[in-house]
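Worksheet for the structure shown next.
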Amino acid sequence: MDKLKKVLKGEEEDEGDQSLYTQFSDATTLSWSTRVKGFIICFVVGMVFSFLGVFLLFLGSNGLVMFAIFYTLGNIIALMSTCFLMGPVRQLKNMFSEKRIIATIIVIISFALTLMAGLWWGIGALALVFCIIQFLALTWYALSYIPFARDAVKKCFTSCMA
C-alpha cells in the first residue's frame with residue numbers, strides 16, 4: 001500500500017536506485033503462511049524418509065545400509081525444514097552459536113559417517129552405530145532450544161548413575 005501511495009504521489013524510487021541486496025531481499029521474502037507450509041512439507045518429507053528407512057531395515061542383507069541412508073537423509077531434510085521458519089542464515093548462526101556448536105559438529109560428522117558407512121564402506125553394523133550416535137546428537141541439539149532441558153537431562157542421568 002505504501003508503494004502505491006508513493007507511485008501516486010510521484011515519489012517512487014527508480015529501480016536502479018535500490019541496492020542489489022534490497023532487490024534480492026524483496027524477491028526472496030516469503031510470507032509467514034508460506035514459511036509454515038514449507039516447514040511442514042519439508043518436515044513431513046523428512047519423517048517419511050526416516051520411517052521408510054525403518055521399513056527398509058527388514059529387507060535382508062542390504063536393509064541395514066538402506067535404513068542408514070534413508071534415516072540420515074530424512075534427518076537432514078527435517079533439520080533443513082527449520083530454515084523455512086527462521087531463514088537459512090539465522091539457522092546457521094543458531095546452529096553454530098557457542099552453546100550448540102559441539103552438538104552441531106557431532107550431528108554433521110555423524111551424518112557424513114553414516115552415509116559413508118552405508119554407501120562406500122557397505123558396513124551395515126557400523127552404519128547402525130552411526131545412526132544411534134546421530135539420534136543422540138540430534139536429541140542433544142534439539143534440547144539446546146528448550147531452556148534448562150540439558151541441565152535436567154544431565155541431572156537425571158547423574159541421579160540414575162549414582
Hey, is CE on Met47 packed in by over 12 heavy atoms from elsewhere, all under 6.0 Å?
yes
Which value, rounded to the nearest 0.5 Å, describes the distance between Ile133 atom CD1 and Phe111 atom CZ?
13.0 Å
Distance col, row Leu115:CG vs Phe130:CZ, nearest 0.5 angstrom, shows 11.0 Å
Main chain of Lys155, side chain of Ser159: is a donor-acceptor contact present, judged purely on distance under 3.5 Å?
yes
Transitive ILVMFWY side-chain link Val48 to Leu73, under 4.5 Å:
no
Between Val107 and Leu136, is there shared hydrophobic-cluster membership here, with clusters defined by ILVMFWY side-chain heavy atoms closer than 4.5 Å?
no
Side chains of Met95 and Leu79 in contact at under 4.5 Å (non-hydrogen atoms)
yes
Does Thr72 reach the main-chain N or O of Ile69 with its side chain, forming a donor-acceptor pair under 3.5 Å?
no
Between the side chain of Arg35 and the main-chain N/O of Phe84, is any donor-acceptor distance below 3.5 Å?
yes
Name the orientation class of the two ring planes belonging to Phe39 and Phe43 (parallel below 30°, tilted from 30 to 60°, perpendicular beyond 60°).
parallel
Could you work out, with side-chain hydrogen bond (donor to acceptor under 3.5 Å, both in side chains) as the rule, every residue matching Thr104, not counting sequence neighbours?
none
Could you check whether atom CD1 of Ile102 has more than 12 heavy atoms from other residues, nucleotides or ligands sitting under 6.0 Å from it?
no
For a 4.5 angstrom cut-off between non-hydrogen side-chain atoms, does Ile106 reach Trp140?
no
Side-chain contact test, heavy atoms from C-beta onward, threshold under 4.5 Å: evaluate it for Val89 versus Leu92 and give yes or no.
no
